[in-house]
Structure formats: structure tokens, C-alpha cells
Amino acid sequence: MLAKPEEEFQSGEEMSAHDQTTAPELKSWVERANAPDCEFPIQNLPYGIFSTEHSAARVGVAIGDSILDLTVLAEEGLIACPLTVVTQVRLNDFIALGPIVWRKVREQISALLSASNHTLQGNAALREKALIQQAAATMHLPVEIQGYTDFYSSREHATNVGMLFRDPKNALLPNWSEIPIGYNGRASSVIVSGTPVRRPNGQIKLPDQDRPVFSPCRKLDLELETGFIVGIPNALGEPIPIEEAEKHIFGMVLLNDWSARDFQAWEYVPLGPFNAKTFATTISPWIVTMDALEPFRTLQPTQVPLPLAYLQHTGEHAFDIHLEATLKPETAAEATTITQTNFKYMYWTMAQQLTHHTVSGCNTRVGDLMGSGTISGPTPGSLGSLLEMTFNGREPIKLQSGETRSFIEDGDELTLRGWCQGEGYRVGFGLCTGQVLPAHPMK
């Protein structure tokens with residue numbers, strides 16, 4: 001029987017103190033994993049769901065340019081995890097096993113991939129069966145997402161947007177500095193990287209017309225975000241205290257919350273965005289665990305005023321994650337990097353987001369997704385949306401191809417990347433990519 005959550009928390013803390021899976025000196029016998037620019041070194045070991053031409057979807061771990069098939073390890077008794085869990089088409093059952101199992105399996109995988117371990121390295125037949133080239137695999141949505149919430153937690157982004165649409169002296173609304181603002185989004189349209197995104201149709205209110213028109217979106221935008229996956233649920237009516245919030249998080253993904261800015265401007269008063277956000281949210285296929293991110297903790301921005309007591313925490317609760325977005329027109333030879341920013345700029349932390357989400361008694365479930373909100377930094381080159389970069393389309397950006405963009409056009413491919421830079425290694429998230437297709441013909 002698995003430990004109760006309280007026991008899991010205590011054991012997890014004790015194990016973390018002795019955790020050597022993130023040591024910079026660790027090397028793997030998977031050669032590509034030791035390259036300084038490899039996003040999946042032995043210190044990372046993110047989880048995902050993959051399939052191949054000859055195998056059904058199952059649980060895997062990224063290492064170098066390969067995928068370690070956990071079904072093979074479970075069949076051989078090499079990991080403390082039932083075979084029935086790692087043959088699932090989503091990670092929810094694995095995540096539900098709890099932190100003791102997460103860390104035990106991580107330690108076992110790290111040991112098996114270590115350069116000094118010969119269990120796989122010295123067994124050619126087993127090694128060939130267990131390692132699959134990423135190029136030969138298809139990645140799938142990693143978790144079944146029953147609930148999706150998107151926050152609005154970047155002070156820079158909220159200020160920039162407020163200045164575009166309101167009095168610059170009152171860019172932030174009074175509640176923004178008091179609570180992590182968020183809304184419940186549409187979980188059914190969360191899609192995995194590589195899935196095309198169709199331009200949405202909807203209502204647009206043009207400035208010179210009395211009534212709205214029905215039209216394809218004319219101001220399609222990206223939102224450069226991250227997301228976290230709930231690992232330990234809370235029961236209905238039982239809030240998650242701030243000091244325990246991070247223990248409820250399994251890991252993080254990259255997230256592009258595609259936005260129809262013209263729909264949003266018309267519909268968001270009084271209840272917030274609806275069709276402007278429901279059509280697609282893209283996430284990266286690999287979930288980077290909080291254990292892998294632990295070495296990259298850093299101090300979050302100073303919060304003024306001091307939050308109410310239930311949102312106060314001490315210590316470091318931000319993470320130094322470099323983020324960037326590229327845009328590639330369909331006819332262009334190469335992509336243009338349009339922004340570079342960092343997760344550490346976020347004003348409200350993941351712990352505060354989760355605590356505030358549940359303070360009312362709202363329950364969460366394993367696999368629930370929480371989006372950070374657009375991540376913008378303090379400089380012009382660190383803005384997380386085209387809305388900000390182009391001043392709502394008034395100042396188009398220039399691409400390497402010579403083309404310009406005010407907003408995303410059909411055929412454009414948007415790609416998010418993110419990584420933490422360690423001492424001689426980096427912990428990356430892989431790609432979060434989507435190409436925009438034309439809207440369905442209007443009736």
C-alpha cells in the first residue's frame with residue numbers, strides 16, 4: 001500500500017536531501033546525452049507517451065536523442081513500477097502512484113543509464129529493445145487533462161496589455177497585485193506539439209461598425225507560457241496550504257495558449273475570454289519533473305504589497321528557465337527568433353497559483369493543467385506575445401525572410417523552446433510547435 005500524502009511528503013523531503021540524480025558530474029553511456037547542448041541529459045529524464053510503427057502508445061523517458069521504453073524495464077523487473085501502469089496511453093496512472101514511486105523510479109532509471117552501470121549498457125539485446133530513436137517515434141498528449149486553468153501572472157505582460165487598452169497610469173487593475181488572476185479554460189482542446197492549429201471563426205467588432213461581423217480571426221497570436229501538471233490531488237473542500245503546494249506538482253511543460261485577440265476584445269467583458277481561447281492550447285510532449293528542475297530554483301520578484309497571509313511563502317520559488325519563440329512562414333527557409341525571456345520573471349509563483357486556486361475548496365485531479373499566463377520580461381526583446389511586440393499590430397516586426405508580421409498568418413509555424421542551463425549540461429523541454437491552417441469556410 002502506498003503511503004498517505006502526509007507520509008509521502010515527509011519521505012520525499014528526506015529523499016531529496018540525498019538525491020544525486022541531478023549531480024553535474026553524472027554521465028551516461030548514451031553518448032548523445034553527454035553533449036553540452038543536449039536537452040535530455042541524464043540529469044533530466046522527462047516522462048512522455050510515445051508510439052512507433054510497431055508498438056502502441058506507452059510510457060517513455062527521454063535520454064539523449066532516444067526514448068527509454070519503460071515497458072521493457074518493467075517486464076525485466078528493473079523499475080519499481082507495475083507493467084500495467086507503463087503500458088497506458090497517458091501518464092495519469094503512473095503519476096497517481098505518488099512521490100515515493102516517482103523518485104524511486106527516477107533513481108532506478110538514472111542508475112541504469114549511468115556510464116558506470118552495465119545492466120543495459122552490457123546487454124546488447126536488451127539495450128536494443130529498450131532504446132528507441134526519438135526520430136522514429138510519434139509523441140502523444142502525455143496526460144489526460146480533465147481540468148485546465150490559465151493564469152495571468154506576469155507583471156510585465158499585464159502592464160503592457162493594460163497600457164495598450166487603458167490609461168497607462170492605471171495599467172494594472174487593483175486586484176492584480178493582490179491575487180493570482182486566472183480563468184478556467186477548455187481542457188478538451190489542449191493538444192500535443194506538432195498538431196496543426198486551425199484559424200478560428202467568430203465575432204469581431206470593428207471600430208467603424210455598430211454590430212459585430214462573423215469572420216475568421218484577423219489577430220491570431222501566440223502566448224509564450226509554461227504549464228504545470230498536478231501530481232497529488234486535493235479533495236473537494238480541502239484547500240492546499242502554501243507550504244505544501246509545490247509538493248502537489250509533478251512537473252512542467254511548455255505551453256502556447258493560442259489567442260484570437262480580436263474575438264477577445266469583443267467578448268471578454270464581463271466574463272473574460274471564451275472563443276478567443278477555446279480553439280487550441282499546445283503543450284510540449286515531455287513533462288520535466290520538479291526533481292529535475294530543483295537545481296534551478298531562484299528568488300521570485302519582490303511582491304508589493306505583501307500578499308495576504310495564505311499566499312505568503314519564504315525562500316526561492318521561481319525557476320531559471322530560458323524561454324524563446326520562433327516564427328517560420330510557410331515559404332521561408334528558416335525561422336526567426338521573435339522573443340527570448342525567462343520564467344523567473346513571473347510575479348506570482350506556481351505555489352501561489354495552486355494555493356489560490358484551491359483556497360475556495362476547489363478540488364484538483366491528477367493530470368490537471370495550470371498555465372502560467374504569458375511570460376514577458378522587462379526588455380523589448382523579451383515579450384511573450386505579438387500583441388505586445390507589435391503594439392496591437394501598429395508596429396509590425398520584421399522576419400529574416402524579409403516579411404513582416406503584425407499577427408500570425410496562415411501557414412506560419414510557431415515554436416516554443418525552453419531549457420535550464422546547468423554546469424556543463426542543460427535540462428530542456430523539447431519543442432512546442434504548431435502550424436496554422438486556414439479557417440473553415442464560413443456559411
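Worth knowing before you read on, the calculation uses all heavy atoms, side chains too, and leaves out hydrogens, waters and symmetry mates.
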Please check this pair: side chain of [X] against backbone of [Y], looking for a donor-acceptor N/O pair closer than 3.5 Å.
X	Y	value
N44	E39	yes
T415	T433	no
T336	L399	no
Q303	Y347	yes
Q134	G64	yes
E324	T337	no
E144	N92	no
R198	L437	no
S28	L113	yes

Whether [X] and [Y] hold their rings parallel, tilted or perpendicular, with breakpoints at 30° and 60°:
X	Y	answer
W102	F250	perpendicular
W176	Y152	perpendicular
Y47	F94	tilted

Taking atom [atom1] as the centre, does [X] end up with more than 12 heavy-atom neighbours from other residues, nucleotides or ligands that are less than 6.0 angstrom away?
X	atom1	result
F274	CZ	no
R297	CZ	yes
Q421	CD	yes

Among V86, L83, I79, find the residue that satisfies the side-chain contact (heavy atoms from CB on, under 4.5 Å) test when tested with L73. I79

For a side chain to side chain donor-acceptor pair (under 3.5 Å) check, start with the C-alpha distance between D69 and T71, then their side-chain angles and the critical distance, and finish with the verdict. CA-CA 5 Å; D69 188 342; T71 64; 2.5 Å; yes

Test salt bridge (Lys or Arg N to Asp or Glu O under 4.0 Å) applied to E223 - qualifying residues, sequence neighbours left out: R261, K277

Salt bridge (Lys or Arg N to Asp or Glu O under 4.0 Å) partners for D410, two or more places apart: R199

Provide the closest heavy-atom pair for I240 versus A245 in the form atom of the first, atom of the second, distance. CG2-CA, 3.7 Å

Pairs under 3.5 angstrom only: tabulate donor-acceptor contacts from the side chains of residues 206-220 to other protein residues two or more places apart or in another chain.
unit_1	atom_1	unit_2	atom_2	d
S215	OG	R218	NE	3.2
K219	NZ	N392	OD1	3.2

Does the side chain of H357 pick up a donor-acceptor pair with the side chain of T149 at under 3.5 Å? yes

Looking only at the side chains, is there a donor atom on one of T349 and H313 sitting less than 3.5 Å from an acceptor on the other? yes

Check step by step if salt bridge (Lys or Arg N to Asp or Glu O under 4.0 Å) holds for R32 and D37. CA-CA 9 Å; R32 172 58 185 154; D37 62 344; 3.3 Å; yes

